[in-house]
**Student:** 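Here it is: the structure, laid out below.
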Amino acid sequence: QVQLVESGGGLVQAGGSLRISCAASGRTFSNYAMAWFRQTPGKEREFVTSISGNGVSTYYTDSVKGRFTISRDDAKNTLYLQMNSLKPEDTAVYYCAASGTYYSSIIEGGYDYWGQGTQVTVSS
């Protein structure tokens with residue numbers, strides 16, 4: 001059974017940094033695209049960033065470019081999101097997603113597996 005488990009969320013002040021992780025189990029995700037999405041109450045889940053199966057290609061939504069960095073450690077079957085210069089509008093539940101293909105996508109339908117989410121709260 002495939003499981004994605006996020007960790008590392010919490011409360012941070014504006015301008016601070018946080019790194020969240022996503023540990024995968026049940027299969028290896030090397031060579032498969034992975035991504036981070038986020039959701040705030042009353043809004044649809046939105047794409048944040050993705051990484052291709054070989055880790056070479058990354059994509060970011062405009063609002064996080066230059067502040068967030070996605071990375072993967074396939075030896076540990078773990079996905080990371082380093083978040084710097086955090087803003088109150090980054091407050092959300094962050095979800096890890098894994099695809100069954102090499103190429104990443106910016107839409108939810110491009111991913112087959114999802115974690116339960118981790119709360120990130122940025123105070124002003």
Side-chain angles (χ1 to χ4, degrees):
Q1 182 179 357
V2 174
Q3 265 197 317
L4 300 176
V5 179
E6 299 95 336
S7 62
L11 175 64
V12 63
Q13 287 190 331
S17 297
L18 202 62
R19 188 179 81 158
I20 57 177
S21 303
C22 171
S25 61
R27 60 169 274 191
T28 180
F29 284 98
S30 59
N31 295 320
Y32 293 99
M34 299 188 75
W36 290 98
F37 287 73
R38 65 186 180 187
Q39 187 172 26
T40 55
K43 294 188 177 181
E44 293 187 354
R45 192 153 52 185
E46 66 170 354
F47 171 81
V48 177
T49 178
S50 65
I51 187 167
S52 62
N54 64 357
V56 172
S57 298
T58 57
Y59 300 93
Y60 297 90
T61 192
D62 286 344
S63 63
V64 308
K65 283 180 182 176
R67 301 189 298 122
F68 289 13
T69 303
I70 189 172
S71 62
R72 60 192 301 162
D73 185 339
D74 288 338
K76 296 181 179 180
N77 229 20
T78 301
L79 180 73
Y80 302 100
L81 181 63
Q82 177 67 44
M83 302 181 289
N84 299 328
S85 302
L86 281 161
K87 304 175 181 180
E89 50 264 43
D90 295 319
T91 295
V93 176
Y94 284 72
Y95 295 91
C96 167
S99 171
T101 67
Y102 175 89
Y103 298 101
S104 61
S105 171
I106 65 170
I107 63 173
E108 290 189 48
Y111 299 90
D112 302 305
Y113 306 100
W114 293 85
Q116 83 290 348
T118 186
Q119 176 71 47
V120 172
T121 302
V122 184
S123 63
S124 57

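The first residue of the sequence shown is numbered 1, and numbering continues consecutively from there. Source: prediction; values computed, not measured.
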**Student:** Go through the steps to decide whether K87 and R67 satisfy the test side-chain contact (heavy atoms from CB on, under 4.5 Å), and finish with yes or no.
**Tutor:** CA-CA 10 Å; K87 304 175 181 180; R67 301 189 298 122; 3.8 Å; yes

**Student:** Roughly how far, to the nearest 0.5 Å, is the CG atom of D90 from the OG1 atom of T40?
**Tutor:** 11.0 Å

**Student:** Hey, does the side chain of E6 reach the backbone of G117 with a donor-acceptor pair shorter than 3.5 angstrom?
**Tutor:**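 Confirmed, E6 side chain pairs with G117 backbone.
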
**Student:** How long is the gap from CZ on R72 to SG on C22, to the nearest 0.5 Å?
**Tutor:**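 Reported value, rounded in 0.5 Å steps: 10.5 Å.
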
**Student:** Supply the atom-to-atom distance K65 NZ to T58 OG1, rounded to the nearest 0.5 angstrom.
**Tutor:** 10.0 Å

**Student:** Does the pair L86 and F68 meet the rule for a side-chain contact (heavy atoms from CB on, under 4.5 Å), with working shown?
**Tutor:** CA-CA 9 Å; L86 281 161; F68 289 13; 3.8 Å; yes

**Student:** Looking only at atom types and distance, does a side-chain atom of D112 sit under 3.5 Å from a main-chain N or O of S99, one as donor and one as acceptor?
**Tutor:** no

**Student:** How many angstroms lie between CG in N77 and OG1 in T28, if you round to the nearest 0.5 Å?
**Tutor:** 4.5 Å

**Student:** Give the minimum heavy-atom separation between N84 and S17, together with the two atoms involved.
**Tutor:** OD1-OG, 2.9 Å

**Student:** Verify the distance criterion only: is there a donor paired with an acceptor across the side chains of Y102 and N54 at less than 3.5 Å?
**Tutor:** yes

**Student:** Kindly give the heavy-atom pair with the smallest separation between A24 and L4, and that separation in Å.
**Tutor:**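 Looks like CB-CD2, 3.6 Å.
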
**Student:** Just how far is it from atom OG of S71 to atom CD1 of I51, taken to the nearest 0.5 Å?
**Tutor:** 6.5 Å

**Student:** Hey, which of V93, V48, L81 is the one that makes side chain to side chain contact (heavy atoms under 4.5 Å, CB included) with R38?
**Tutor:**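 The single option meeting the side chain to side chain contact (heavy atoms under 4.5 Å, CB included) with R38 is V48.
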
**Student:** Could you please spell out the steps behind the side-chain contact (heavy atoms from CB on, under 4.5 Å) verdict for V120 and L18?
**Tutor:** CA-CA 9 Å; V120 172; L18 202 62; 4.0 Å; yes

**Student:** Identify the two heavy atoms, one from S105 and one from F47, that lie closest to each other, and give their separation to 0.1 Å.
**Tutor:**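 Closest approach of S105 to F47: O-CE1, 3.6 Å.
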
**Student:** For T78 versus A23, what's the shortest heavy-atom pair and its separation?
**Tutor:**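 Taking T78 first and A23 second, the nearest heavy atoms are OG1-CA, 4.2 Å.
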
**Student:** Any chain of hydrophobic side-chain contacts (each under 4.5 Å) joining I70 to Y111?
**Tutor:** no

**Student:** Given T61 and T49, is the side-chain contact (heavy atoms from CB on, under 4.5 Å) satisfied, shown in steps?
**Tutor:** CA-CA 6 Å; T61 192; T49 178; over 6 Å; no

**Student:** What heavy-atom pair brings S52 and V56 nearest, and what distance separates the two atoms?
**Tutor:** OG-N, 3.4 Å

**Student:** Looking only at heavy atoms, which two atoms of Y103 and T101 are closest? And how far apart?
**Tutor:** O-OG1, 3.2 Å

**Student:** Taking the six-membered ring for Trp, are F37 and W114 ring centroids under 6.0 Å apart?
**Tutor:**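 Aromatic pair counts; centres sit under 6.0 Å.
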
**Student:** Rounded to the nearest 0.5 Å, what's the gap from CZ on R27 to CD on Q3? Could you check?
**Tutor:**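 Here the rounded value is 14.0 Å.
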
**Student:** Does any part of the side chain of Y94, heavy atoms only, come nearer than 4.5 Å to the side chain of M83, both counted from C-beta?
**Tutor:** yes

**Student:** With hydrophobic residues grouped by side-chain heavy-atom distances under 4.5 Å, do I20 and F29 end up in a single group?
**Tutor:**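 Linked, I20 and F29 end up in one cluster.
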
**Student:** What do you reckon, is OH of Y59 surrounded by more than 12 foreign heavy atoms closer than 6.0 Å?
**Tutor:**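 It does not: Y59 OH has 12 such atoms or fewer within range.
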
**Student:** Is there a donor in the side chain of T121 and an acceptor in the side chain of Q119, or the other way round, less than 3.5 Å apart?
**Tutor:**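 Looking only at side-chain atoms, Q119 and T121 do form a donor-acceptor pair, the distance falling under 3.5 Å.
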
**Student:** Can you get from Y113 to M34 by hopping between Ile, Leu, Val, Met, Phe, Trp and Tyr side chains that sit under 4.5 Å apart?
**Tutor:**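 Yes, Y113 and M34 fall within the same hydrophobic cluster.
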
**Student:** Is it possible for you to say whether V122 and W36 belong to one hydrophobic cluster, with membership spreading through side-chain heavy-atom contacts below 4.5 Å?
**Tutor:** yes

**Student:** Can you tell if the side chain of L11 reaches within under 4.5 Å of the side chain of S123, non-hydrogen atoms only?
**Tutor:** yes

**Student:** Whether R45 engages the ring of Y95 as a cation-pi pair (distance to the six-membered ring centre under 6.0 angstrom, angle to the ring normal within 45°) should be assessed.
**Tutor:** yes

